[in-house]
Number of protein chains: 2
Amino acid sequence: MTAVGGSTRTDERKGCGRLTGSARPTSRDVARAAGVSQATVSLVLGGKWHGRVSERTAHAVRDAAGRLGYRPNLAARNLRLGRTRTALMVVPALTNDYFARVYTGAARVAAEHGFGVVLYPSPAGVGPARDPFGSAQAAIDGVIASSMAADALAGIGGGELPLVMLDSGPAAPGGPPTVDLAVADGMRQVVRHLVGLGHRRIAHVAADIDAWTFRVRTATVAAELAGVPGAVLTSERCPLDVDAARAAALRALRPPAGQARPTALLCDGDLLAAGACKAARSLGLRLPGDLSVTGFDDFALAAALDPELTSVRLPAEDVGARGMTALLALLDGEAVDSVELPVDLVVRDSTAPPAV
Amino acid sequence: MTAVGGSTRTDERKGCGRLTGSARPTSRDVARAAGVSQATVSLVLGGKWHGRVSERTAHAVRDAAGRLGYRPNLAARNLRLGRTRTALMVVPALTNDYFARVYTGAARVAAEHGFGVVLYPSPAGVGPARDPFGSAQAAIDGVIASSMAADALAGIGGGELPLVMLDSGPAAPGGPPTVDLAVADGMRQVVRHLVGLGHRRIAHVAADIDAWTFRVRTATVAAELAGVPGAVLTSERCPLDVDAARAAALRALRPPAGQARPTALLCDGDLLAAGACKAARSLGLRLPGDLSVTGFDDFALAAALDPELTSVRLPAEDVGARGMTALLALLDGEAVDSVELPVDLVVRDSTAPPAV
DNA sequence: CCGCTCAGGTGTTACGTATAACGTCTACGG
DNA sequence: CCGTAGACGTTATACGTAACACCTGAGCGG
């Protein structure tokens, strides 16, 4: 290899045809301005120049970069490095603040490790099925998906990207690691709270949604109440919607002749509970004296309602944080365990002992 | 023939969390498999081969690409093309569904033009100030920012990326195009509704937030009521928070001795209205008989409350759609006009004529 | 038989970055 | 005065794609 050629400046003819307009400066432009090679610019600005570049040169480079307003082209960096230090979070909807809190937790942990997080709401039906994330994956190292069925993620980058699933149910062996909430335990706490207050006739307003977390809620209520002597459980299913819940609650509160009205409405979510409260009021029932109502999720809505809702608080930030921690470990090639986080009942004003 | 050795299934070791990912196939691999050059693969898969590549060859290429499970490297494509067909939407918070609906509208229009949209919540204080979008801008052609002050976006990619601002107030001359809502008109509709019902003593529960939309709301209420003979306006400022609103409403409902209690609470947002309702109930007032309450924004919350809230519906999807349309035009180098969209009062059950 | 066109491709380059591998110059011990 | 080890940079290259310029026969009119 004889590289001693007389070409002291190889970059000379670089900007020949290019007019000196406002094209974004590249590292080569910085190099020219600082009188060094492009590689040196890369070293200095990459922060790994200690002992390889003199302080004086490094300063010249940084000075030139600042003068030119240089900002590295991240697409080129991503191509070169094969990684982007960015994660994609997929959420089923933006409507409720649970996901906002999950995002917050994930973003915090990511930022601590120099990672960014972008969000991709997955409105079912938008975008080609085989390419669920559209062009988002151009700059993505891994994915955190919340509340999605495993098969809905089949198309994800050909299954090549590291993936962590949140709120998706027990981890499948060999599948991606998961972060879940102890939903069943939360529901048990609700049931025990009501039973402890003396309620025996309980109506369950159940979300008619085919997602793990709701199946668990329904199943747990039935299983837990089955162990209570004298307990009577009725059940009404409805979509996750205030008006639908109102209708369902009305059905539950007008039992067939000969049956007594339930003394408590146990709802699968705060939204449903809001509907249930409206139904109760429209029947002239007073809360919680005539009827107890419970929610789940503890949205901001829960505290905004009147009476404030007894609900189950979900540690959303922790879910996001643990999920991001898991993803980062995955990216480091480490083995990651799935985890289940505890939840807590928050007793407020919508529950009381039943009227005698 | 080229080496197609029996690699029917490339990756077999998924256990232990180690994601080997045996080198994603590149367009060159596809070319080898199809017996053509890489350039031809690019032509065929790029969809611009009509009249330049025979149908037979094109089929062979697509077949090979399918067999190998080829997916183009978007980082490389972005680098080559200098554009990404992806927009970044910046929102101040994920908590309310206004932004969800804005996103939905923007994503729909984007999808119609082969664009994707990723979301970047901008939690104030997260991320270095000079680099507000972190690594998100690696694959971004333009930005749609909602409800942000113009100067908060100063650091945006060095100000180089096309930008559209939503809900940010009147467009600055020479600044980015904007999409705004006729917030002032909406507030006027609320005031006229209340005045028309007969209300004269009105308390304004104002959001104490330095954003254009809230400043306008406050100013409009005052201006509009100033033109009503005999109208008495009091005002309480508070953070955008249910509990704070409750406290503020309590102050408004307990006027100094000698002054009559307002007959209506005009709130800057549905969240504040929710707090106001709680305050009213805690004082034993009945809605809307003893007190009228109005919201703004028409969140899902508005219909979930009891009584259902009279509020102002914002055409959020339209805002997103128009914003994306503007951004796409901007990317095409076209001139774009700022626009203001109308809003509509939705009268529900929380307003009524004042008690005599 | 020549030259022209045109379909049907191929070779090559450039995008901007990071880094491995390799020079060169100085200082210094032996 | 040579050998050698830093200190200090540089050259060359690869990442995967898209697009430009070119190449090669075949058909065809003259």
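Within every chain, numbering begins at 1; the chains are lettered A, B, ... in the order of the sequence lines, protein sequences first and strands thereafter.
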Would you mind telling me which residue lines up with the more 5' stretch of DNA chain C, B:R80 or A:V41, judged by nearest nucleotide?
->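 The answer here is B:R80.
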
Upstream residue (5' side of DNA chain C) when B:V53 and A:L45 are each assigned their closest nucleotide | B:V53

Rounded to whole Å, please give me the gap between [atom1] in [X] and [atom2] in [N].
X	N	atom1	atom2	value
B:L81	C:dC15	CG	P	13 Å
A:H59	D:dC8	NE2	C1'	18 Å
B:N78	C:dG16	CG	P	13 Å
A:Q38	D:dT10	CD	P	11 Å
A:L79	C:dT17	CG	P	12 Å
B:L43	D:dA18	CG	P	10 Å
B:W49	D:dA18	CH2	P	17 Å
B:E55	C:dG8	CD	C1'	13 Å

To the nearest 0.5 Å, what is the distance between CZ (A:R62) and OG1 (A:T57)?
->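 Separation between the atoms: 10.5 Å.
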
Checking all strands, does [X] fall into the base, sugar-phosphate, or nothing category for heavy-atom contacts under 4.0 angstrom?
X	result
A:T26	sugar-phosphate
A:R52	base
A:S54	sugar-phosphate
B:V36	sugar-phosphate

What nucleotide, of [options], holds the atom closest to the side chain of [X]?
X	options	result
B:R77	D:dT17, C:dT17, C:dT19	D:dT17
A:R28	C:dG11, C:dT17, D:dG9	C:dT17
A:S37	C:dG11, D:dT10, C:dT17	D:dT10

Whether [X] contacts [N] is assessed here as follows: a side-chain N or O lying under 4.0 Å from the phosphate OP1 or OP2. Is that the case?
X	N	value
A:S27	C:dT17	yes
A:S42	C:dG16	no
B:K48	D:dA18	no

Under a 3.5 Å distance rule, please check whether [X] uses its side chain to pair with a backbone N or O of [Y] as donor and acceptor.
X	Y	answer
B:T178	B:D180	no
A:D332	A:E334	no
B:T325	B:A321	yes

B:T84 versus B:D141, side-chain donor and acceptor atoms under 3.5 Å |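 Yes - a donor-acceptor pair under 3.5 Å links their side chains.
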
